[in-house]
Amino acid sequence: MSQNIDTSQTLIPPYGGFWRRFWALLLDSFIASIPPAVICIPLLMLPIAQIGAAPEGQEPSLRPFIMLLAVYVLWCVLSCICMWLYFALLESGKHQATWGKRLLGIKVVGSQGERISFARATGRYFSKILSYMICYIGFIMMPFTNRKRALHDMIAGTYVVKSSFKQGDPLPPTPRRIGWMIATIILLAAGYIGLIVLAIAADRQQAKTAALTAATQLYAIHNDNENWPELPGTEEMDFFQDEDALYASFQDNDGAEYLLAIPAGENRVCCVADTDSECIYIGFPRCR
């Protein structure tokens, strides 16, 4: 008696793994960025030289800065065109792979293992924008999905397989690891949020440090300390006085401005602001 045996689960999956694709993408991005750099870097030399050659004490004209902006825009446009043509032409070409993919032993095929068209390769390339927009999740999901497909593979109906794969070979399913994918995304999101929190904390600490420096200088000026200009950070702050108070104005790393004061007839430093929260941020009470 003959039996129908499902051999799909016993086949060795022919798909390119995450790290092969990762290193191939890095290499391809570097290769595709060379032509714009070769064209634009020499063009940058002229405006940079003009800015550097401006007479001392005289501001350079706007022309070199406009040229710098124009070259930058040209570089961005050329980079987009080169990246698109590099990936679309090579992945729809004879070898079905970019040079990075060929070096790592993988290629791109359609749903039947066939070579894809230039239009399809173009759609595959530009659909990667979605993955960038959602914090690279479209790339990160690849190891956990059926047949190891990234988001742009699903959109374009393509697969990334090993170079030994031939049209007509089976494309067996692979286990879906949805739980692992969710856990990985949560960990990455937590790490991203943690970095943001650390950056906010660092900015707040810098603002507090600048406020303490300003307060020290205000006290020195208030007490007629002749050495106050030698204190650190003095050149980064503005000091002025009116009949109501002695003031120190300074900025944090984000360009936010703060104003501290020693009111007339008092010997305390307070914060001049519209709300208490602005003063709490730098650790000083609001002037009343």
Side-chain angles (χ1 to χ4, degrees), residues 4-35 79-80 82-185 187-188:
N4 293 326
I5 301 175
D6 183 8
T7 60
S8 62
Q9 302 298 325
T10 64
L11 294 173
I12 298 176
Y15 311 107
F18 177 82
W19 290 110
R20 284 198 191 199
R21 295 180 64 170
F22 173 80
W23 293 115
L25 178 61
L26 268 171
L27 181 58
D28 287 329
S29 298
F30 172 75
I31 294 172
S33 67
I34 292 176
S79 295
C80 291
C82 286
M83 287 284 183
W84 160 50
L85 292 177
Y86 175 84
F87 281 93
L89 286 172
L90 292 179
E91 288 179 351
S92 63
K94 174 183 177 182
H95 297 285
Q96 300 172 253
T98 57
W99 290 331
K101 285 185 174 66
R102 290 178 64 183
L103 182 64
L104 273 295
I106 52 179
K107 64 182 179 180
V108 179
V109 300
S111 57
Q112 303 299 320
E114 77 280 8
R115 173 177 163 184
I116 64 175
S117 65
F118 175 78
R120 195 169 177 184
T122 295
R124 183 178 187 273
Y125 173 76
F126 284 106
S127 62
K128 293 177 184 178
I129 296 174
L130 292 175
S131 295
Y132 293 121
M133 291 174 62
I134 55 175
C135 300
Y136 299 91
I137 291 176
F139 297 104
I140 295 168
M141 64 188 285
M142 187 272 292
F144 310 105
T145 58
N146 184 26
R147 296 180 173 88
K148 298 186 181 295
R149 303 171 81 191
L151 180 60
H152 51 276
D153 290 315
M154 296 179 181
I155 293 173
T158 58
Y159 302 84
V160 177
V161 296
K162 296 173 183 176
S163 298
S164 57
F165 182 88
K166 297 179 181 178
Q167 185 173 352
D169 288 349
L171 290 166
T174 58
R176 293 183 178 90
R177 298 181 174 90
I178 303 301
W180 281 105
M181 182 174 70
I182 294 173
T184 301
I185 291 173
L187 286 174
L188 289 171

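Note that these values count all heavy atoms, side chains included, but never hydrogens, waters or copies made by symmetry.
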Do [X] and [Y] make a side-chain contact, defined as non-hydrogen atoms from C-beta onward lying under 4.5 Å apart?
X: Pro172; Y: Tyr15; value: yes
X: Ile116; Y: Val109; value: no
X: Tyr159; Y: Leu171; value: yes
X: Ser92; Y: Ser117; value: no

Nearest heavy-atom neighbours spanning [X] and [Y]:
X: Gly105; Y: Arg20; result: O-NH1, 3.5 Å
X: Ala32; Y: Met83; result: CB-SD, 3.5 Å
X: Glu114; Y: Gln96; result: O-NE2, 3.7 Å
X: Ile106; Y: Ala24; result: CD1-CB, 4.4 Å
X: Arg147; Y: Thr174; result: N-OG1, 2.7 Å
X: Met154; Y: Met141; result: CE-CE, 3.6 Å

What's the spacing between [X] [atom1] and [Y] [atom2] if we round to 0.5 Å?
X: Thr98; Y: Tyr125; atom1: OG1; atom2: OH; value: 12.0 Å
X: Met181; Y: Thr145; atom1: CE; atom2: OG1; value: 7.5 Å
X: Ile155; Y: Arg149; atom1: CD1; atom2: CZ; value: 10.5 Å
X: Phe18; Y: Phe144; atom1: CZ; atom2: CZ; value: 8.5 Å
X: Leu130; Y: Ile137; atom1: CG; atom2: CD1; value: 12.0 Å
X: Arg115; Y: Arg120; atom1: CZ; atom2: CZ; value: 13.0 Å

Quiz item: Can Asp153 and Arg21 be counted as an ion pair, charged N to O under 4.0 angstrom?
Solution: yes
Quiz item: So is Lys128 actually on top of Phe87's ring, under 6.0 Å and inside 45° of the axis?
Solution: yes
Quiz item: What about Tyr132 and Phe139, are their ring centers closer than 6.0 Å?
Solution: yes
Self-check item: Given Leu27, Leu25, Ile31, the one that forms side chain to side chain contact (heavy atoms under 4.5 Å, CB included) with Ser29
Solution: Leu25
Exercise. Let me see the working for Leu90 and Leu85 under side-chain contact (heavy atoms from CB on, under 4.5 Å), right down to the final yes or no.
Key: CA-CA 8 Å; Leu90 292 179; Leu85 292 177; over 6 Å; no
Exercise. Any salt bridge (charged side-chain N to carboxylate O under 4.0 Å, His left out) involving residues 85-95? Give me the pairs, sequence neighbours left out, ordered by first then second residue.
Key: Glu91-Lys101, Glu91-Arg124
Quiz item: If you count the non-hydrogen atoms of other residues, nucleotides and ligands that lie under 6.0 Å from CZ in Phe118, is the total more than 12?
Solution: yes
